[in-house]
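Step one of this worksheet: look at the structure below.
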Amino acid sequence: MAPIVSKLGIIGAGVSGIAAAKQLAHYNPIILEASDSIGGVWRHCSYNSTKLQSHRCDYEFSDFPWPDRDNTDYPSYLEILDYLKSYAEHFDVLKFVRFNSKVVEVRFVGDRETTDFGVKPVEFQSLSPAGSQPVWEVAVQTNDSETIQWYAFEFIVVCIGKYGDTPKIPEFPLNKGPEVFQGQALHALDYCKLDKDAASELLKDKEVVVVGYKKSAIDLAVECAEANQGPEGKPCTMVVRTLHWIVPHYWIWGLPFFLFYSTRSSQFLHQRPNQSFLRTLLCSLIMSPMRHAVSKFIESYLLWKMPLEKYGLKPDHPFEEDYASCQMAIMPENFFSEADKGKIVFKRSTSKWWFSADGIEFDDNTKIKADVVVLATGYDGKKKLKSILPEPFRSLLECPSGIIPLYRGTIHPLIPNMAFVGYLESVSNLHSSELRSIWLARLLDDKFKLPSVQKMLEQTSKEVEISKKTTRFYRRHCISTFSINHSDEICEEMGWTSWRKNTWLAEAFSPYGSQDYLNKH
């Protein structure tokens with residue numbers, strides 16, 4: 001079967017894939033989506049109770065505001081899917097999507113000299129109407145059939161994301177894994193596939209253990225508690241290994257949260273890449289105590305508002321480290337009320353654990369009986385990428401820092417004619433994906449040139465070093481404490497004005513969001 005030839009391919013039709021497709025629509029891209037719908041993790045990794053962790057106005061495309069954007073409620077995952085569908089329909093993106101098309105292999109068929117990194121550096125070419133030879137071939141399995149259809153692309157945009165599809169499963173000693181457990185063990189990804197009735201049936205009147213303490217684990221524990229109301233209901237045990245700061249809402253002692261981290265003036269306190277020696281000195285000597293004071297101010301409110309100390313859930317690290325690694329979670333309203341009723345209990349453990357026939361055991365000789373164990377242990381996005389990328393490019397995903405070196409969060413300097421959208425985290429991943437898709441479109445339109453490979457690698461290294469200085473959880477590749485500066489540099493590279501507000505006052509003290517990047521200037 002002859003390959004289907006196209007100039008541009010996009011792998012994935014989640015938030016990032018749809019954002020990229022809208023900006024690159026003039027190339028008539030082919031979007032390869034493994035499932036039967038758009039939405040990505042919102043479609044396939046959501047519980048019945050899953051909601052957005054920010055307000056609507058902080059999670060919208062610049063040219064497609066929510067119809068009720070001033071509504072302060074957190075939208076459910078179904079509302080987000082409706083919003084994404086409306087966006088895709090409004091900009092006629094769905095015509096590019098080929099559903100039930102799973103990418104199983106990617107081959108490099110371009111200039112082989114580009115793989116000899118010491119001889120010839122990677123050079124990105126504009127996608128001119130005349131076109132050129134394909135650089136990548138992609139094998140696609142359609143509708144779970146045995147037949148493989150090959151596609152040939154000049155450029156590929158990878159938008160399969162860091163979450164979903166590939167669960168991260170802990171390693172267990174021999175004969176102490178889920179296979180010895182006589183109850184039911186599953187990952188949160190499996191739980192997401194259950195409808196409301198099946199999820200309730202799994203949890204009701206069962207001794208449930210949830211391993212994890214991030215947003216997915218917290219939401220799951222609440223669903224478990226709600227399924228076990230009444231005197232016969234059994235408590236859900238959360239095995240908490242690494243503590244993180246949680247917040248009840250976006251107000252701190254009566255002040256809006258954005259004042260502390262989302263304005264240009266607040267981010268001025270934080271280190272950023274490419275800063276001068278004088279600014280580095282200021283950040284160390286003067287601004288460091290100010291950052292510490294801000295973090296302590298927020299922590300004082302959280303400890304007053306929620307019974308973190310009562311339940312042994314106060315982290316040892318500063319709040320700033322969780323914000324800087326995009327790990328701040330919004331607490332469901334009834335989380336601690338269910339804990340107060342005894343429907344959610346906590347087991348703090350930094351020790352090793354494993355399965356037994358009737359539950360789980362720890363190396364401090366404690367045991368927890370269980371009928372159901374749910375692993376809310378996250379996803380392995382890098383493993384997902386490695387499963388389709390060929391060598392030598394697969395090995396380039398590995399770096400000593402543990403972070404994939406992506407220039408502007410999009411381009412790997414050593415991988416030709418390929419971009420990655422959705423791998424850089426910030427306060428709003430939707431906004432991050434849209435802005436970088438705009439940047440990518442202008443790059444492919446030959447509106448500007450990339451710097452040298454060496455300079456791109458240096459830039460990615462600088463960002464990693466800043467993250468290392470800010471948080472111990474730097475491997476998540478989050479830019480939340482210098483996101484405005486990151487956007488400034490992208491705007492300047494595209495030839496736009498970096499300061500987007502109308503007045504100096506607004507520039508200093510109002511939050512930055514997607515609407516600030518609507519006008520292309």
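Side chains included, hydrogens not; waters and symmetry mates left out as well; all remaining heavy atoms used.
- Note: F420 and Y423 have perpendicular aromatic rings, judged against thresholds of 30 and 60 degrees for the angle between ring planes.
- Relative ring orientation between F336 and Y311 is described as parallel, the plane-to-plane angle staying below 30° on a 0-90° scale split at 30° and 60°.
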Sequence neighbours left out, cut at 3.5 Å: what donor-acceptor pairs do the side chains of residues 230-247 make with other protein atoms?
unit_1: R241; atom_1: NH1; unit_2: S351; atom_2: O; d: 2.6
unit_1: H244; atom_1: ND1; unit_2: D322; atom_2: OD1; d: 2.8
unit_1: W245; atom_1: NE1; unit_2: H317; atom_2: O; d: 2.8

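- W66 and Y83 have parallel rings, their planes meeting at less than 30° on a 0 to 90° scale where 60° marks the start of perpendicular.
- By the side chain to side chain donor-acceptor pair (under 3.5 Å) test, K214 is found to be paired with Q327, residues two or more places apart in sequence or in another chain being considered.
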Side chains of residues 164-182: which donor-acceptor partners sit under 3.5 Å, not counting sequence neighbours?
unit_1: D165; atom_1: OD2; unit_2: K384; atom_2: NZ; d: 3.3
unit_1: E179; atom_1: OE2; unit_2: G177; atom_2: N; d: 3.3

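- With a 6.0 Å cutoff to the six-membered ring centre and a 45° limit on the axis angle, R291 does not count as a cation-pi contact of F260.
- Shown here for R475 and G402, the closest heavy-atom pair between the two residues is NE-CA, 4.3 Å.
- Cation-pi geometry between K386 and F393 is not satisfied (NZ or CZ under 6.0 Å from the ring centre, within 45° of the ring normal).
- A perpendicular orientation is assigned to the rings of H187 and Y379, their planes being inclined by more than 60° (bins at 30° and 60°).
- Within the structure, salt bridge (charged side-chain N to carboxylate O under 4.0 Å, His left out) contacts touching residues 370-381 (residues at least two apart or in different chains) do not occur.
- The aromatic rings of Y261 and H270 sit tilted relative to each other, their planes meeting at an angle between 30° and 60°.
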Open item on the list: Could you walk me through whether S433 and S16 satisfy the side chain to side chain donor-acceptor pair (under 3.5 Å) test, starting with their C-alpha distance in whole Å, then the side-chain angles of each, then the deciding distance to 0.1 Å, before giving a yes or no?
Closed with: CA-CA 5 Å; S433 293; S16 300; 2.9 Å; yes

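- Every residue two or more places apart in sequence or in another chain was checked for a side chain to side chain donor-acceptor pair (under 3.5 Å) with S480, and none qualifies.
- Applying the disulfide bond (SG atoms under 2.5 Å apart) criterion to C478, with sequence neighbours excluded, gives C326.
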